[in-house]
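Here the structure comes first, spelled out in structure tokens, and everything after it is commentary.
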Amino acid sequence: LEPADGSDPIENYQTICAELRDYSSELAGKPQLVAVNKADLLGGEEDGQVAAQMLEQAIGHKVMVISAATGTGTRELLEACWQRLDKSSD
């Protein structure tokens, strides 16, 4: 399952990581939360989960599926952000 523009999600992730490293190695070394947006365009929640699992296997990180348009998964993403921030303040 690919983005509407036909790009490769794994390559897109790797490009973003490379840009972060080029900008700041300190920033690139920070913990990540990875989310796939536009789940509403992937053909349903099940297709979104399949896409996330494929990306998870390739990058070795948990991938969350969200839709900013419908709000699907955004609460879970925000909760994960809060949990991560809470852990980092310990």
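Quantities reported herein were computed from a predicted structural model and do not represent experimental measurements.
Note: E76 CD to I66 CD1 = 10.0 Å, rounded to the nearest 0.5 Å. If you take CZ on R84 and CD on E79, they are separated by 12.5 Å, rounding to the nearest 0.5 Å.
Applying the side-chain hydrogen bond (donor to acceptor under 3.5 Å, both in side chains) test to T70 and every residue at least two apart in sequence or in another chain returns S67, T72. Evaluation of the side-chain hydrogen bond (donor to acceptor under 3.5 Å, both in side chains) rule for E56 yields no partner, not counting sequence neighbours.
Under a hydrophobic clustering in which Ile, Leu, Val, Met, Phe, Trp and Tyr are joined whenever their side-chain heavy atoms come within less than 4.5 Å, directly or via other members, M64 and V34 fall into different clusters. A single hydrophobic cluster is seen to contain both I59 and V36, as judged by linkage of ILVMFWY side chains at heavy-atom distances under 4.5 Å, directly or through other members. Put simply, V63 and L33 are part of two different groups of oily side chains (I, L, V, M, F, W, Y) that touch within less than 4.5 Å, one to the next.
Closest approach of A35 and L77 over heavy atoms only: CB-CD2, 4.2 Å. Closest heavy-atom contact between N37 and A68: OD1-N, 3.0 Å.
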Listing, residues 13-29 side-chain donor-acceptor contacts under 3.5 Å, not counting sequence neighbours, or none:
residue	atom	partner	partner atom	Å
Y13	OH	Q32	OE1	2.5
Y13	OH	H61	NE2	3.3
T15	OG1	E11	O	2.9
S24	OG	E26	N	3.4
S24	OG	L27	N	3.0

